[in-house]
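Naming: A, B, ... by sequence-line order, numbering from 1 per chain. This structure is a prediction, so every number in the text was calculated from the model and none was measured. Below, all heavy atoms of this structure are taken into account, side chains as well, without hydrogens, waters or symmetry copies.
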Amino acid sequence: MLTQRPRGTADLLPGEVESWRRLEDTFREVCRTYHYQEIRTPIFEHTELFARGVGETTDIVEKEMYTFEDHGERSLTLRPEGTAGVVRAFVENKLYGNPDLTKLFYIGPMFRYEKPQKGRWRQFHQYGVEVLGSEAPDVDAEVIALGATFLERLGLGRVQLEMNSVGCAECRPRHREAMVAALRPVADRLCADCQSRLERNPLRIFDCKNESCQALLREVNAPTVLDCLCDACAEHFDAVKRLLQETGVSYTVNPRLVRGLDYYTRTAWEFIVPGYSTVAGGGRYNGLVAEVGGPETPGVGFAGGLERALLVLQEQGIHPAQKSALAVYIAVADDTAATTAARLLQQVREAGISADRDYQNKGLKAQFKAADRLGARFVLVLGENEVAAGTVSVKDLTTGEQVAVAQDQLVSYLSTRV
RNA sequence: GUGAGUAUGGCGAAGUGGUUAACGCACCGGAUUGUGGUUCCGGCAUUCGUGGGUUCGAUUCCCACUACUCACCCCA
């Protein structure tokens, strides 16, 4: 236990961290061009915020939250997603007072108590954006375009955008009723999972992999949400689709697409890597700000998983970044050169050139091996001879050539060659 | 929460109810003087996830636990 990380967590070792940084840098850069600003909110919040915001009946709230009590007997929860905290910060800091739209992005760890498996962790990381203050379909389209641009720039390759509209407080209940009404009479012919879905989230039945359930849906001619959309929602959805077409973002409409959080209204979408899984998802949430106690404010956003994006990249054989190479390795051939070596090492480093040395009293041969292993470009050899002559032997490992350089010329010699 | 599989040195991976647990990679040392990447030679698990049990004897058989992996539910 002592030497074992908690289940569902991961150590990011040197060599992996570089890939993460590249992804984060790319996301920040895309957000900059879309003019979104970074926000950092706490990793834990009052439990109530997620219960209310994400939805009491969602799986996240029902069984996946990391909840604990602090010494003041407050119930706190490690954030399972990013939107609730951002919306809370928006309300608490009265960002709604800003005459402009609030356009934010974030990157950080999220926590869900789940059984870990491929691409699924208890501590995982999401990048995401939220726009607060506009109902315009143009904003939905912008947020989607931002996500598509990011995934494309990452090099994820074939990513599909699936779109749906889940309606609003007016049309959604209507659809639910219609579906339940259609399926209730034949409920006993649904699989066990779908029978519980019928009560909890009928829309999910469309997602069932069981062919008999699909056949039953066709048989009773079950309506999709899109069939039940009110005029305003239908119009909004049409506008979003039209805008995507005009900006060159391709998509498919999937009337069976559902999202796991209660707060979504109208537009919902997922970015899917075919044959693998969803790498990002989002939607509009017009009721959430009011739900957590702020003024009626529409919002829209999306979030994606860093681990999943990285996994897809890895499976495609793309290794975004590697460990940084070392420019200079100082090899000490003789104890009498130790202080000179320390001095030169410091000078080289101060000149902005990466440099390292042996601290394990290795033989010269072993020091060369180490330099080679570390990918060093130059090895500086210092021994009795060099100290006596006031020089340093500089060997270029890529060519094998070695020259003597005056110690006081070393930095300028290296600067022009590194 | 449900189901299945796996668990041997830093990594990968063979293997057997019984004196010294293959091999590969990595690592360390050497092949005469202060020089790497190739080659050659040598070294490197009193120990087979943890705890019980069966047995004269178990790393190999049984049980429990833990962890990991995969799938389902759901999701990033």
Using atom C1' in both nucleotides, what's the gap between B:rU35 and B:rU60 to the nearest angstrom? 49 Å

Atom C1', compared across B:rG49 and B:rU69: separation rounded to whole Å: 15 Å

Nearest whole Å is fine: how far is B:rA76 P from A:E64 CD? 10 Å

Please work out if A:A280 contacts a base, only the sugar-phosphate, or nothing of the nucleic acid, heavy-atom cut-off 4.0 Å. sugar-phosphate

Stacked cation flag A:R122 on A:Y113, 6.0 angstrom / 45 deg: yes

Please map the stems of RNA chain B, keeping only stretches of three or more Watson-Crick or G-U wobble pairs with both distances under 3.5 angstrom. B:1-7 with B:66-72, B:10-12 with B:23-25, B:27-31 with B:39-43, B:49-53 with B:61-65

Can you check the A:L261 CG to B:rA76 C1' distance for me, whole Å? 11 Å

What I want to find out is whether A:R40 reaches A:E38 closely enough, with some N-O distance under 4.0 Å, to be called a salt bridge. yes

To the nearest Å, how far apart are A:I272 CD1 and B:rA76 C1'? 13 Å

When rounded to whole Å, the NZ to C1' distance for the pair A:K115 and B:rA71 reads 11 Å

So, are A:E401 and A:K395 salt-bridged, with charged N and O less than 4.0 Å apart? no

Given the P atoms of B:rC61 and B:rG42, what is the spacing between them in whole Å? 35 Å

Could you verify whether a donor N or O on one side chain and an acceptor N or O on the other, from A:T77 and A:T67, lie under 3.5 Å apart? yes

Are A:E270 and A:R259 ion-paired here, with the side-chain N under 4.0 Å from a carboxylate O? yes

Stacking between B:rA76 and A:F124, yes or no? Criterion: centroid separation under 5.5 angstrom, plane angle under 30 degrees. yes

Under 4.0 Å between any heavy atoms, over every strand shown, what does A:V279 touch: base, sugar-phosphate, or nothing? Just pick one. sugar-phosphate

In whole angstroms, the gap separating P of B:rA76 from CH2 of A:W269 amounts to 12 Å

Atom-to-atom span, CG of A:L374 to P of B:rG37 - whole angstrom: 14 Å

Tell me if the aromatic rings of A:Y285 and A:Y263 count as close, with their centers under 6.0 Å from one another. yes

Give me the distance, rounded to whole Å, that separates B:rU66 from B:rC23 when you measure between the C1' atoms they each carry. 30 Å

Contact between A:R349 and A:D356 at the side-chain level, heavy atoms closer than 4.5 Å - yes or no? yes

Between A:Y113 and A:G400, who's closer to the 5' end of RNA chain B by nearest nucleotide? A:Y113

Trace of the salt bridge (charged side-chain N to carboxylate O under 4.0 Å, His left out) decision for A:E69 with A:R74: CA-CA 5 Å; A:E69 210 168 76; A:R74 286 170 283 256; over 6 Å; no

note: A:W121, atom CH2; B:rC70, atom C1'; distance rounded to Å ~ 13 Å

On the side chain of A:E114, is there an atom forming a donor-acceptor pair with the base of B:rA76 - under 3.5 Å, no angle test? yes

Considering heavy-atom distances to RNA chain B, does A:L397 or A:V258 have its closest nucleotide positioned more toward the 5' end? A:L397

Quote, to the nearest angstrom, the C1' distance that separates B:rA21 from B:rC48. 8 Å

Taking 4.0 angstrom as the limit, do A:E130 and A:K103 come out as a salt bridge? no

For B:rA13 versus B:rA26, give the span between their C1' atoms, rounded off to a whole number of Å. 14 Å

Rounded to whole angstrom, note down the C1' distance from B:rU16 over to B:rG10. 25 Å

Whole-angstrom distance between B:rG3 and B:rC11, as gauged at atom C1': 31 Å

Under 4.0 Å between any heavy atoms, over every strand shown, what does A:G281 touch: base, sugar-phosphate, or nothing? Just pick one. nothing

With a 3.5 Å cut-off and heavy atoms only, can you find an N or O donor on one side and an acceptor on the other between the side chain of A:D372 and the base of B:rG36? yes

Rounded to the Å, how far apart are A:F368 CZ and B:rG36 P? 7 Å

Tell me if the side-chain of A:R112 makes a donor-acceptor pair with the base of B:rA76, cut-off 3.5 Å, by modelled atom types. yes

Contact letters for nucleotides 24-34 of chain B, in which S counts primed atoms plus P, OP1 and OP2 and B counts the base, heavy atoms under 4.0 Å: ---SS-----B

Look at the rings of A:F27 and A:Y127 and say which category their plane angle falls in: under 30° parallel, 30 to 60° tilted, over 60° perpendicular. tilted

At under 4.0 Å, does any side-chain N or O of A:Q117 touch on OP1 or OP2 of B:rC70? no

Output yes when A:R174 and A:E177 qualify as a salt bridge under the 4.0 Å nitrogen-oxygen rule, no when they do not. no

